[in-house]
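Read through the structure below, which is laid out as C-alpha cells, and then see the notes.
From a predicted model like this one, the values you see are computed outputs, not experimental measurements.
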Amino acid sequence: MSRRVVITGLGAVTPIGNNVEDFWANIKKGTVGIGPITKFDTTEYKAHLGAEVKDFDPSSVLDKKAARRMEDFSQYAVVAAKEALDDSGLDMEKEDPFRVGVSVGCGIGSLQCVQTNYKKLMEKGPNRVAPLMIPMLISNMAAGNISIQFGLKGKNINVVTACATGNHNIGEGFRSIQYGEADVMLAGGAEGAITEIGLAGFTGLNALTTSEDPLRASIPFDAERSGFVMGEGAGIVVLEELEHAKNRGAHIYAEVIGYGATSDAHHLTAPIEDGSGDAKAIEYALKDAGIQPEEVDYFNAHGTSTPMNDAFETKAIKLAMGDAAYHCKVSSTKSMVGHLLGAAGGVETIACVKSIEEGYVHKNAGLVNQDPECDLDCVKEGVEMDVNVAVSNSLGFGGHNAVLVFKKYE
C-alpha cells in the first residue's frame with residue numbers, strides 16, 4: 001500500500017512577492033506583476049513586457065561568496081526552499097539526512113551565464129571563460145544548491161520538461177515518498193531566463209505577446225489574448241509522509257492525492273488540437289487520486305494566454321471531466337505573475353494549497369471578453385468558497401503534460 005503524502009511547508013519568490021505571505025496577499029488583491037523589462041534594453045525587440053522579480057535580496061539566506069556562485073534561478077530556488085523549510089518546522093538535526101530529498105527543476109538553466117561567457121569567448125578567447133560556467137548554468141543546480149545549502153542527502157533529482165517542470169518535480173517527489181524512497185522531499189521549480197537571448201528566442205516562436213499594456217498582456221481565456229509574458233521566480237513545497245508529519249506535530253496545509261503525466265507526441269511547441277494528451281493526464285491524475293470529476297472544486301489551469309493553449313486546454317478539461325468541467329471554478333495564476341516557465345507549477349501549487357486552506361479562488365486578472373471557445377467557469381472576480389479538491393494543470397514544449405490533485409487534509 002502506498003503511503004499518504006501531505007504538504008507541510010511553502011516557499012515562493014515571484015513577480016508579486018518574494019515570500020508566500022506577500023504573494024498570496026497580492027493574488028487576493030488581483031495585483032499584476034507585469035511591466036516593462038528593466039534588465040536590459042528591449043528597444044529592438046517586438047516584446048517589451050516581462051514579469052520580473054522585484055527587490056530580491058538573497059543576503060538573508062546566502063553569504064556573498066555563495067550568492068556569487070549561483071545564477072538567478074539557483075538563488076530564487078534556495079531562498080524559496082529556505083522559506084519552505086522554515087515554514088515546515090523541519091529540524092534537520094533530528095532527521096536522517098538521507099531520508100530528506102530534493103525534486104526541484106528548472107526549465108532552461110542560466111541563459112545569462114551562456115550569453116556572458118560566449119561574449120568573453122568571442123572577444124577575449126577561451127581562457128577568459130569563467131571556470132564555474134558549467135556548474136552555474138546547468139539546470140540541476142537549483143536542486144544541487146538546495147541540498148548543499150541545507151544538508152539534504154536523500155534522492156536529488158531535476159526533471160526538465162519546459163513549462164511542465166514544476167508539476168513533474170512535485171509529482172515525482174510525491175511518488176518518491178509514496179513508494180518509500182524518502183520521508184520528506186522539497187519539490188517545485190525555479191526559473192530566471194529573462195535575458196536578451198531568451199526574449200529573442202521566445203519572440204522568434206511568436207509565443208510572446210507584443211502588448212504594451214501590462215493589464216492587457218497576460219489575459220488567459222480572453223478573446224484578445226495574443227501570447228504569454230515571460231516571468232521568473234521559484235515555488236517550492238515541503239512534501240512529507242503523513243505519519244512522519246504527524247509524529248513531529250507539523251502543520252498540514254493539504255494532501256497530495258493524485259499525479260498524472262502523458263505526452264502529446266505531436267509537435268515541438270503546439271499542444272495537440274483536440275486536447276487528448278492533456279485530457280488523458282487529467283484522467284490519470286483523478287484516477288490516481290480516487291476521485292470523480294464532480295468532486296473537483298477548483299481547476300488551476302495552465303492558462304498561458306496564447307491563442308492555442310487556452311482553447312485546446314479548455315477542450316482537454318471538457319474531454320477529461322465531461323459535464324463536471326462546467327461546475328468547477330477555473331483560473332490561471334499566470335494572469336498575475338506571467339509565465340514562470342519551469343517555476344510555474346511550483347508557484348501554482350502554492351496557489352492551489354492556499355485556495356484550499358483559505359477557501360478562496362483567485363480571479364483571472366484582465367479577463368474582460370471571455371473567448372466563446374473557452375467556455376468554462378473562468379473566474380472574473382475572486383470567490384470565497386469551500387475548496388476541498390484542487391487540480392493543477394501544466395503543459396510543456398515537447399508535448400509534456402503533468403497534472404496534480406490536492407485535497408483538504410482530513
Side-chain angles (χ1 to χ4, degrees), residues 2 4-7 164 166-168 170-171 174-175 178 220-221 254-264 271-304 309-334 345 348-349 351-357 359-364 367 370-380 383-395 399-410:
S2 66
R4 289 173 71 183
V5 181
V6 293
I7 294 173
N167 269 14
H168 270 127
I170 293 168
F174 166 58
R175 287 278 186 264
Q178 270 190 321
F221 311 115
E255 184 171 0
V256 188
I257 58 168
Y259 168 47
T262 62
S263 177
D264 286 350
I272 194 162
E273 196 164 329
D274 63 3
S276 56
D278 185 30
K280 188 58 78 173
I282 297 167
E283 206 178 291
Y284 283 165
L286 294 178
K287 187 181 177 189
D288 187 43
I291 63 165
Q292 297 302 312
E294 292 75 23
E295 294 176 75
V296 176
D297 301 300
Y298 172 47
F299 201 102
N300 186 293
H302 189 55
T304 58
N309 176 87
D310 299 4
F312 299 171
E313 186 180 11
T314 301
K315 285 184 185 175
I317 297 168
K318 291 194 283 194
L319 192 57
M321 294 176 62
D323 285 346
Y326 292 99
H327 302 299
C328 64
K329 303 291 181 193
V330 178
S331 67
S332 168
T333 308
K334 293 178 182 74
E348 289 158 17
T349 285
C352 286
V353 170
K354 293 298 285 183
S355 296
I356 289 169
E357 185 191 35
Y360 182 84
V361 169
H362 74 70
K363 69 177 182 178
N364 292 283
L367 178 56
Q370 190 167 334
D371 183 346
E373 271 196 274
C374 305
D375 62 345
L376 299 174
D377 188 357
C378 298
V379 182
K380 288 187 176 175
V383 185
E384 289 190 15
M385 58 177 271
D386 193 41
V387 180
N388 192 48
V389 176
V391 174
S392 170
N393 194 36
S394 283
L395 288 66
H400 308 280
N401 307 301
V403 182
L404 298 167
V405 186
F406 309 100
K407 189 172 190 278
K408 192 176 281 185
Y409 169 67
E410 287 163 9

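Counting heavy atoms from C-beta on, the side chains of Val391 and Leu286 come closer than 4.5 Å. For the pair Leu376/Phe299, no side-chain contact is recorded, criterion being any heavy-atom separation below 4.5 Å from C-beta on. In this structure the side chain of Glu255 never reaches within 4.5 angstrom of the side chain of Val5, judged on heavy atoms. Side-chain atoms of Val403 and Tyr284, non-hydrogen and from C-beta on, never get closer than 4.5 Å to each other. Counting only heavy atoms from C-beta outward, the side chains of Met321 and Tyr326 never approach each other to under 4.5 Å. Residues Tyr360 and Val383 form no side-chain contact, since every pair of their non-hydrogen atoms from C-beta on lies 4.5 Å or further apart. Using a 4.5 Å cut-off on side-chain heavy atoms (C-beta onward), Leu404 and Phe174 make no contact.
Note that the CD atom of Glu348 and the NE2 atom of His302 stand 7.5 Å from one another [nearest 0.5 Å]. Asn309 CG to Leu395 CG: the interatomic distance, rounded to the nearest 0.5 Å, is 6.0 Å. Here the straight-line distance linking atom CG of Leu319 with atom CD of Glu283 works out to 7.5 Å at 0.5 Å rounding. Note that CZ of Phe406 and CD1 of Ile170 are 5.5 Å apart. Values are rounded to the nearest 0.5 Å. With values rounded to the nearest 0.5 angstrom, Ile257 atom CD1 is found 11.0 Å from Gln178 atom CD. Remark: Asp297 CG to His327 NE2 distance equals 12.5 Å, nearest 0.5 Å.
For Asp375, the salt bridge (Lys or Arg N to Asp or Glu O under 4.0 Å) partners at least two apart in sequence or on another chain are Lys318. The salt bridge (Lys or Arg N to Asp or Glu O under 4.0 Å) search around Asp288 returns Arg175, not counting sequence neighbours.
Of all non-hydrogen atoms in Val296 and Cys328, the two that sit nearest each other are O-CB, 3.2 Å. Nearest heavy-atom pair, Ile356 versus Ala254, reported as atom, atom and distance to 0.1 Å: CD1-CB, 4.3 Å. Residue Ser355 comes nearest to Ala351 through the heavy atom pair OG-O, 2.7 Å, listed as atom of the first residue, atom of the second, then distance. Nearest heavy-atom pair across Ser394 and Gly345 is OG-CA, 4.1 Å. Closest of all the heavy-atom pairs between Asp264 and Pro271 is OD2-CA, 3.5 Å. Between Ala316 and Gly275, the shortest heavy-atom contact is CB-O, 3.3 Å.
In this structure, the side chain of Glu313 engages the main chain of Gly303 through a donor-acceptor pair within 3.5 Å. At distances below 3.5 Å, at least one donor-acceptor pair connects side-chain atoms of Asp310 with backbone N or O atoms of Phe221. Between the side chain of Ser331 and the backbone N or O of His362 there is at least one donor-acceptor pair closer than 3.5 Å. Checking side-chain atoms of Asp377 against main-chain N and O of Lys329 turns up no donor-acceptor pair under 3.5 Å. Side chain of Asn393 to backbone of Ala301: no donor-acceptor contact under 3.5 angstrom is found. For the pair Lys380 (side chain) and Leu367 (backbone), a donor-acceptor distance under 3.5 Å is absent. For Asn401 (side chain) and Ile282 (main-chain N/O), no donor-acceptor pair under 3.5 Å exists by modelled atom type.
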Query raised in the report: Would Glu410 and Asn388 count as a side chain to side chain contact (heavy atoms under 4.5 Å, CB included) if you check the C-alpha gap in whole Å, the side-chain angles of each, and the deciding distance to 0.1 Å?
Result: CA-CA 10 Å; Glu410 287 163 9; Asn388 192 48; 3.9 Å; yes
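Under a cut-off of 6.0 angstrom, the local environment of CD in Glu273 is sparse, with at most 12 non-hydrogen atoms contributed by other residues, nucleotides or ligands. Other residues, nucleotides and ligands place more than 12 heavy atoms under 6.0 Å from the OH atom of Tyr409.
Salt bridge absent: Glu373 and Lys315 never bring a charged side-chain N and a carboxylate O closer than 4.0 Å.
No hydrogens or angles considered: nothing links the side chains of Ser392 and Asn300 as a donor-acceptor pair under 3.5 Å.
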